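Shown next, in structure tokens, is the structure this report addresses.
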Amino acid sequence: MLETELRQTEVVVCCFVNYRYRHFPVVEPSWSMLHAPRLYQCNFLGTVYKNSSRETLMEVLKQGGFDKRCWISAREEWWPQETNESLRNYQAALLQSDLTLCPLGINTECYRIYEACAFGSVPVVEDIMTPGNCGNSSRYHSAPLQLLKTMGAPFIFIKSWQELPAVLEKEQNMTLQQKIQRRKKIMEWYRQFKAQLRQKFINTLKNSFLSKDKGD
């Protein structure tokens, strides 16, 4: 049971590590972040790996002309650290986009999902199992993102980037008021998500040490 609980809270540690690693700031919601119209329907700033679904994503965006509605900046090589300029651009893209596209990387889950939430930009997540055990547990097999789904993450989950045109067309029909309500919902969900997992992680550690003390 302890091992299962610790695995469920790994995401909290990963988030904090990524914040330090990527120098991503703690974001405080503002009135304009919640209420102002955003310039772009979606964004993707990142590495496009050879023969990956990210190549498919780029093709779908270009073929539909969606790259003109979205902030897209692709690179061929992965950078271990962001430059000051690339980090500023990335944060600006999150702030100015209604949706953040989250294609597979090495794993299904990535820091981009949580950073988008911090800015009220809805993650569009590619819900596909990657090699490894990230989607396996004692309760689930080949089922990625189960923690997020169990906690009711208000994301858009897709199985293929061919579904993206329908998602973006739906965005076209949303009013600003609807988008404002959605931003409030996702930012409040993210606040509660972090608080609940932080507390769960603390409780798990306390129970672990208390059990050891009683055993001694």
Side-chain angles (χ1 to χ4, degrees), residues 11-12 15 18-19 22 24-46 54 57-58 60-74 87-104 108-127 144-198:
V11 66
V12 176
C15 283
N18 278 322
Y19 273 33
R22 307 284 296 190
F24 196 84
V26 174
V27 179
E28 295 295 336
S30 64
W31 186 94
S32 60
M33 187 184 296
L34 287 168
H35 295 88
R38 300 195 174 189
L39 296 176
Y40 303 97
Q41 277 194 330
C42 68
N43 77 79
F44 173 73
L45 285 72
R54 296 185 178 203
L57 170 58
M58 294 297 104
V60 169
L61 288 167
K62 188 173 182 179
Q63 288 173 1
F66 300 114
D67 54 343
K68 296 178 176 61
R69 305 184 198 172
C70 300
W71 186 330
I72 306 298
S73 180
L87 183 59
R88 283 196 300 270
N89 287 339
Y90 177 56
Q91 292 178 53
L94 295 177
L95 179 61
Q96 291 296 337
S97 303
D98 288 311
L99 306 176
T100 292
L101 308 181
C102 302
L104 296 178
T108 305
E109 189 175 359
C110 65
Y111 61 86
R112 190 190 314 272
I113 294 172
Y114 303 100
E115 292 168 348
C117 290
F119 279 94
S121 183
V122 180
V124 181
V125 183
E126 188 177 8
D127 187 8
L145 308 168
Q146 280 304 314
L147 178 61
L148 293 175
K149 293 174 184 177
T150 299
M151 297 188 71
F155 301 166
I156 299 172
F157 295 97
I158 62 175
K159 293 294 185 182
S160 167
W161 290 113
Q162 300 297 337
E163 300 173 41
L164 184 59
V167 172
L168 295 181
E169 288 303 324
K170 185 176 180 181
E171 284 292 303
Q172 285 281 83
N173 297 321
M174 288 186 69
T175 65
L176 176 59
Q177 190 57 40
Q178 288 173 322
K179 292 178 180 180
I180 290 171
Q181 292 305 314
R182 185 175 63 179
R183 287 176 208 162
K184 291 179 178 179
K185 179 178 180 181
I186 198 164
M187 295 176 82
E188 176 59 20
W189 174 87
Y190 186 48
R191 185 191 67 79
Q192 293 185 17
F193 173 80
K194 291 188 294 182
Q196 290 175 27
L197 287 195
R198 185 183 296 112

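Computed from a predicted structure; not experimentally measured. These values consider heavy atoms only, across backbone and side chains, with no hydrogens, waters or symmetry-generated copies.
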Q41: which of K68, E171, R69, E169 passes side chain to side chain donor-acceptor pair (under 3.5 Å):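 With Q41 as partner, side chain to side chain donor-acceptor pair (under 3.5 Å) holds for just one option, R69.
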Side chains of [X] and [Y], heavy atoms from C-beta outward: is any pair under 4.5 Å?
X: V27; Y: Q91; result: no
X: I186; Y: P123; result: yes
X: W189; Y: C117; result: yes
X: P103; Y: F44; result: yes
X: I72; Y: M58; result: yes
X: N43; Y: S121; result: yes
X: Q177; Y: Q181; result: yes
X: H35; Y: L176; result: no

Test log, rule disulfide bond (SG atoms under 2.5 Å apart), inputs C102 and C110: CA-CA 8 Å; C102 302; C110 65; 5.2 Å; no
Geometric class of the F193/Y114 ring pair [parallel <30°, tilted 30-60°, perpendicular >60°]: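 Y114 vs F193 ring planes: parallel.
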All ring pair (Phe, Tyr, Trp, His ring centres under 6.0 Å) counterparts of Y40, not counting sequence neighbours: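 For Y40, the residues satisfying ring pair (Phe, Tyr, Trp, His ring centres under 6.0 Å) (neighbours in sequence not counted) are W71.
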List the atom of [X], the atom of [Y], and the distance in Å for their closest heavy-atom pair.
X: F24; Y: A118; value: CE2-CB, 4.5 Å
X: R112; Y: L45; value: NH1-O, 2.9 Å
X: L94; Y: R38; value: O-NH1, 3.2 Å

Check: T175 side chain, Q178 main-chain N or O, donor-acceptor pair, under 3.5 Å: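 Indeed, once roles are kept as given, a pair shorter than 3.5 Å links the two residues.
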V125 vs L148, side-chain contact (heavy atoms from CB on, under 4.5 Å): CA-CA, chis, key distance, verdict: CA-CA 11 Å; V125 183; L148 293 175; over 6 Å; no
Sequence-distant partners of E188, salt bridge (charged side-chain N to carboxylate O under 4.0 Å, His left out), two or more places apart: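 R191.
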Distance in Å, L99 CG paired with K170 NZ, rounded so as to fall on 0.5 Å steps: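 Going from the CG atom of L99 to the NZ atom of K170 covers 11.0 Å.
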Distance-only donor-acceptor hits, side chain of residues 151-168, under 3.5 Å, sequence neighbours excluded:
unit_1	atom_1	unit_2	atom_2	d
K159	NZ	D127	O	2.9
S160	OG	Q162	N	3.1
W161	NE1	E126	OE1	3.1
E163	OE2	K159	N	3.0
E163	OE2	S160	N	3.2

